[in-house]
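Report on the structure given below.
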Amino acid sequence: MGSGLAGGSGLAGRLFDAVIFDMDGTLVDSTPAVVRAWTTWAEEHGITAEQLAGNHGMPAASIIARLLPDAERERALARIVELETTDVGGVVPLPGTVETLTVLPRERVAIATSCTRPLAEVRIGASEIPRPEVVVTVDDVERGKPAPDPFLAAARDLGFPPERCLVVEDAPAGLSAARAAGCATLAVTTTTPRAELEADLVVGTLADVRWHVRDGGIEVALAD
């Protein structure tokens, strides 16, 4: 194990029926596109960078509800959707993503993202990652992260109990949602410092773990 890994033993020896991944910051690096879109949006709406801070991993509608009065929200949401779906420049897989999604059985993998359905499909396509059969977006649930709804929906669609699922996340809001759903958690430090990530295991990226598929389920271990 490299010295750059942030470890933990909460997942040692555990077998899972399925793995549910967040998308942005976990499977794909969309940060340049996200920054461009939200910077433009903020400038148009008189929002400062300080006001935007701390909202990573939350649905756009929830962020906007925190920042703007009700009368402005519908148009503001339509604008950020437009900005994000038309700019996918630099959206690429993060280290270990393609290998992970290749080795894990497709019927035991899901994505649960705070993106809208159109944005999720655009970013999956732009990054060219293997697409799981189950993709849950904010459009598919009543409440987005940090509520547990996205992970509960993903576990349901996969056909496994949430307590038998491992969630992989990069954001505190997503990890809170996973815990509320009863899932085990693996965090990556791609967008958030380790000290702010409360998970059963914390690593740098998916390249820092290895997946073992057995008759009894899926096991994750630190890479050599």
Side-chain angles (χ1 to χ4, degrees), residues 1-12 14 16 19-39 41-42 47-60 62-64 66-67 80 84 90-101 111-115 119-120 123 127 129 138 144-148 150-151 165-211 220-224:
M1 180 177 71
S3 60
L5 284 181
S9 58
L11 301 180
R14 296 183 63 178
F16 299 98
V19 186
I20 305 171
F21 295 91
D22 172 57
M23 187 177 69
D24 295 295
T26 299
L27 295 175
V28 305
D29 181 5
S30 57
T31 300
V34 170
V35 170
R36 288 192 299 269
W38 279 96
T39 297
W41 180 91
I47 301 298
T48 67
E50 290 74 19
Q51 288 174 294
L52 275 180
N55 290 309
H56 179 63
M58 296 180 60
S62 298
I63 297 172
I64 291 169
R66 290 182 170 189
L67 298 172
I80 192 60
E84 291 198 296
V91 176
V92 296
L94 282 161
T97 292
V98 173
E99 294 81 359
T100 292
L101 295 180
I111 288 175
T113 175
S114 292
C115 291
L119 181 55
R123 287 185 179 162
S127 65
I129 63 173
V138 71
K145 304 172 189 177
F151 296 120
C165 295
L166 172 65
V167 165
V168 186
E169 265 281 357
D170 70 307
L175 291 169
S176 294
R179 287 192 299 273
C183 302
T185 51
L186 168 64
V188 291
T189 60
T190 48
T191 63
T192 305
R194 183 189 186 281
E196 298 177 22
L197 296 171
E198 182 181 344
D200 295 307
L201 177 65
V202 182
V203 298
T205 70
L206 288 172
D208 295 321
V209 298
R210 294 292 179 267
W211 303 92
V220 60
L222 291 169
D224 296 331

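- In E99, the CD atom is crowded: over 12 heavy atoms of neighbouring residues, nucleotides or ligands sit closer than 6.0 Å.
- The two residues F16 and C165 make their nearest non-hydrogen contact at CD2-C, 3.9 Å.
- To the nearest 0.5 Å, atoms CG (D29) and OG (S127) are separated by 10.5 Å.
- Shown here are the side chain to side chain donor-acceptor pair (under 3.5 Å) partners of T97, two or more places apart in sequence or in another chain: there are none.
- For the side-chain contact (heavy atoms from CB on, under 4.5 Å) test with V188, the passing option among V209, L94, D208, V203 is V203; the others fail.
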*Does the side chain to side chain contact (heavy atoms under 4.5 Å, CB included) test come out yes or no for I63 and L52, once each step is laid out?*
CA-CA 8 Å; I63 297 172; L52 275 180; 4.3 Å; yes
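- For the pair G174 and K145, the tightest heavy-atom approach, listed with the atom from each and the gap, is CA-CD, 3.9 Å.
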_side chain to side chain contact (heavy atoms under 4.5 Å, CB included), that's the test. Do V34 and R123 meet it? Break it down for me._
CA-CA 11 Å; V34 170; R123 287 185 179 162; 3.5 Å; yes
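- Pairing each heavy atom of A223 with each of A207, the nearest pair is CB-O, 4.0 Å.
- The two atoms that bring A37 and I80 nearest to each other are O-CD1, 3.8 Å, heavy atoms only.
- Between V91 and A33 the shortest heavy-atom distance is CG2-CB, 4.1 Å.
- Side-chain N or O atoms of T190 include one that pairs as donor or acceptor with a backbone N or O of G25 at under 3.5 Å.
- Residues I47 and W38 form no side-chain contact, since every pair of their non-hydrogen atoms from C-beta on lies 4.5 Å or further apart.
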*Given W211 and L206, is the side chain to side chain contact (heavy atoms under 4.5 Å, CB included) satisfied, shown in steps?*
CA-CA 10 Å; W211 303 92; L206 288 172; 4.1 Å; yes
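- For T185, the side chain to side chain donor-acceptor pair (under 3.5 Å) test picks out D200, with sequence neighbours left out.
- How far CD1 of I20 is from CD of E169: 10.5 Å, rounded to the nearest 0.5 Å.
- Two residues are said to be in side-chain contact when any heavy atoms from C-beta on lie closer than 4.5 Å; V138 and C115 fail this criterion.
- The backbone N or O of Q51 sits less than 3.5 Å from a side-chain atom of T48, completing a donor-acceptor pair.
- Among all heavy-atom pairs drawn from L175 and A199, the shortest one is CD2-CB, 4.2 Å.
- Between atom CD1 of residue I129 and atom CE of residue M23 there is a gap of 7.0 Å, rounded to the nearest 0.5 Å.
- Evaluated for a side chain to side chain donor-acceptor pair (under 3.5 Å) with T26, the options T191, D170, T113, T205 yield exactly one hit, D170.
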